[in-house]
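Have a look at the structure below, then the notes.
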Amino acid sequence: MKVSEKLEAIIVEAKSHIELVKNLNELNDAKAKYLGKKGSFSDVMKLMRDLPNEDRPMFGKVTNEAKQVILGYIEEQRNILEQQIVNEKLSKETVDVTLPGREFTVGVKHILTQVIEEMEDLFIGMGYEIMEGPEVEIDEYNFEKLNLPKDHPARDMQDSFYITDDTLLRTHTSSVQVRTMLANKEKTPIKIICPGTVFRRDDDDATHSHQFMQIEGLVVDEKASMADLKGTLLEVARKMFGEDRKIRLRPSYFPFTEPSVEVDVSCHNCNGKGCNVCKGTGWIEILGSGIVNDNVLEACGYDSKKYQGFAFGIGVERMAMLRYGINDIRAFYTNDLRFIKQFKKWKKT
Ligand code: 2U9
């Protein structure tokens with residue numbers, strides 16, 4: 001058989017073989033069978049040894065051309081097989097657009113944050129500004145400017161965490177009101193609320209915590225009266241406990257206000273008839289307030305003959321406990337998701 005016929009036979013065989021190859025491994029085997037060291041082409045190349053020198057270039061040329069043809073078949077088949085692999089992968093990875101979407105977790109603001117933000121909205125609507133201040137405070141701003149001189153017995157009402165003789169963890173956010181007045185010296189009106197964390201030495205139990213949150217408010221103007229205070233407190237009570245609520249004021253004592261009052265709201269559970277929430281009285285105590293003591297106005301740089309003010313203090317935890325029927329203050333701080341998640345879908349009724 002002539003060389004050209006041999007090559008032709010190899011090409012025909014290789015073509016039909018390669019076309020039937022089903023995967024890349026088989027394709028590599030086929031390549032070795034025809035073009036490898038021990039393959040069909042090596043056998044043909046051995047014939048070159050017996051050829052006269054002048055015929056060798058032509059021999060080389062034809063065998064090389066035949067080799068290129070087979071390599072072409074191999075590459076063609078490789079493309080087909082690789083495309084098949086891609087197609088198979090794609091068909092397995094198809095997206096079923098009818099499947100329900102994956103639910104992802106949406107966080108919820110802590111209930112104390114929600115209550116604070118709600119109160120902030122209310123007060124911003126009434127023209128108040130929100131002020132913040134440091135949690136580590138000096139004795140002068142936490143007590144002395146608020147008519148609580150050193151060794152005054154009323155300091156016992158707010159057992160404190162002292163850091164040095166003159167610095168402590170603030171026992172109320174009133175120190176922020178003091179700072180605001182000192183920074184504004186007789187500028188009026190002052191109309192602020194001061195939300196924040198406060199600290200008092202206490203044994204923790206279901207109703208006491210050594211750390212809790214307050215929103216305190218202060219208005220100072222030439223005519224900021226008890227009537228203004230009462231109207232403001234009624235807004236707070238209604239915002240927190242419903243539009244039908246009433247309030248009543250009872251005389252009380254705070255060193256920084258004179259006169260001072262304790263504020264009760266008509267029970268939101270029984271509408272004032274008497275139930276276990278209001279202990280049968282129809283009223284629930286929600287906050288303390290009063291007319292700013294003249295000594296405080298003077299100590300903070302305001303002429304008490306010209307200016308008058310009112311102030312109030314709201315315990316945020318207490319407010320939330322009453323509103324949602326929470327009976328253990330520690331639930332706010334232990335971060336049990338079963339507690340926290342309950343306030344996700346709450347809507348005001
Ligand atoms: C200035 C002048 C007066 C703030 C006030 C209360 C009454 C009050 C309590 C409520 C519950 C504290 O969180 S609580 O335990 N607060 O009853 N706070 S008047 O009076 C001020 C504050 C600042 C310059």
Side-chain angles (χ1 to χ4, degrees), residues 112 115-116 119 123 128 131-133 137 140-148 154-160 169-186 188-202 207-221 224 226 228-230 232-233 236-237 240 247 249-265 284-302 304 307-322 329 332:
L112 295 178
V115 170
I116 289 172
M119 297 287 276
F123 280 103
Y128 284 67
M131 298 298 286
E132 289 184 352
E137 190 50 277
E140 187 187 352
Y141 294 168
N142 192 84
F143 287 132
E144 281 170 49
K145 297 271 185 208
L146 287 156
N147 201 30
L148 279 153
R155 284 200 184 198
D156 291 349
M157 292 161 71
Q158 299 184 11
D159 214 353
S160 321
L169 296 180
R170 67 181 179 194
T171 56
H172 44 197
T173 59
S174 311
S175 50
V176 184
Q177 284 107 291
V178 169
R179 285 169 173 272
T180 309
M181 286 173 82
L182 289 170
N184 285 283
K185 292 271 183 215
E186 304 232 326
T188 52
I190 283 192
K191 236 179 142 179
I192 54 170
I193 56 162
C194 310
T197 306
V198 301
F199 309 82
R200 293 182 190 179
R201 230 308 283 139
D202 220 337
T207 51
H208 298 87
S209 172
H210 63 281
Q211 171 180 333
F212 60 101
M213 300 198 80
Q214 282 189 335
I215 299 172
E216 286 207 357
L218 173 73
V219 174
V220 181
D221 210 343
M226 198 73 182
D228 297 323
L229 171 62
K230 206 175 164 192
T232 308
L233 299 175
V236 174
M240 280 291 128
I247 57 166
L249 310 185
R250 285 177 290 109
S252 185
Y253 168 76
F254 302 110
F256 18 84
T257 48
E258 177 62 38
S260 302
V261 289
E262 222 115 30
V263 182
D264 296 341
V265 62
I284 301 170
E285 183 189 321
I286 53 164
L287 55 91
S289 64
I291 296 295
V292 179
N293 192 304
D294 282 354
N295 292 342
V296 175
L297 287 173
E298 296 287 343
C300 295
Y302 282 72
S304 64
Y307 299 105
Q308 187 165 298
F310 65 79
F312 51 87
I314 300 168
V316 183
E317 283 85 346
R318 180 171 164 75
M319 208 65 135
M321 286 169 86
L322 289 170
I329 196 169
F332 292 114

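Both counts, for ligands and for their atoms, begin at 1 and track the order of listing. Everything numeric here is computed off the predicted structure, so don't read it as measured data.
- Side chain of Asn142 to main chain of Thr171: a donor-acceptor pair is present (N/O by atom type, distance under 3.5 Å, no hydrogens or angles).
- At the shortest separation from atom 3 (C) of ligand 1 among protein heavy atoms lies Ala311 CB, 3.3 Å.
- Among Phe212, Phe256, Phe254, the residue whose heavy atom lies nearest to atom 5 (C) of ligand 1 is Phe256.
- The shortest separation from a heavy atom of Val296 to ligand 1 is under 4.0 Å, placing the residue in contact.
- Some N or O of Gln214 is nearer than 3.5 Å to an N or O of ligand 1, by distance alone.
- Using the six-membered ring where Trp is involved, Phe123 and Phe312 have ring planes that are parallel, under 30° apart on the 30 and 60° scheme.
- Each of the following atoms of ligand 1 lies closer than 4.0 Å to a heavy atom of Gly288: 6 (C), 7 (C), 8 (C), 17 (O).
- The ligand atoms of ligand 1 that sit less than 4.0 angstrom from a heavy atom of Gly315 are 11 (C), 13 (O).
- Residue-level proximity to ligand 1 for Glu216 is carried by the side chain, the only part with a heavy atom below 4.0 angstrom.
- For ligand 1 and Thr257, the ligand atoms under 4.0 Å from any heavy atom of the residue are 19 (S).
- The one candidate from Gln177, Glu132, His172 that meets the side-chain contact (heavy atoms from CB on, under 4.5 Å) condition with Cys194 is Gln177.
- Side chain of Arg155 to main chain of Leu148: a donor-acceptor pair is present (N/O by atom type, distance under 3.5 Å, no hydrogens or angles).
- When heavy-atom distances to ligand 1 are checked against a 4.0 Å cut-off, Val198 has no atom that comes that close, whether in backbone or side chain.
- Closest protein heavy atom to atom 23 (C) of ligand 1: Gln177 NE2, 3.5 Å.
- Formation of a donor-acceptor pair under 3.5 Å by the Thr188 side chain with backbone atoms of Ile190 is not found in this model.
- A side-chain donor-acceptor contact under 3.5 Å links Arg170 to the backbone of Thr197.
- Under a 3.5 Å cut-off, the side chain of Ser160 and the backbone N or O of Gln158 do form a donor-acceptor pair.
- Heavy-atom proximity to Ser289, at under 4.0 Å, picks out these atoms of ligand 1: 7 (C), 19 (S).
- For ligand 1, the atoms sitting less than 4.0 Å from at least one non-hydrogen atom of Leu146 are 1 (C), 23 (C), 24 (C), numbered in the order shown with element in parentheses.
- Here the heavy atom of the protein found nearest to atom 15 (O) of ligand 1 is Arg200 NH1, 3.8 Å.
- Checking each of Asn295, Val296, Leu182 against Lys145 for a side-chain contact (heavy atoms from CB on, under 4.5 Å) leaves exactly one that passes, namely Leu182.
- Contact analysis leaves Asn293 out of contact with ligand 1, as no non-hydrogen atom separation drops below 4.0 angstrom.
- Between Ile286 and Leu322 the shortest side-chain heavy-atom distance falls below 4.5 Å.
- For the ring pair (Phe, Tyr, Trp, His ring centres under 6.0 Å) test, no residue two or more places apart in sequence or in another chain qualifies with Phe199.
- Scanning the protein heavy atoms around atom 16 (N) of ligand 1, the nearest turns out to be Gly313 CA, 3.6 Å.
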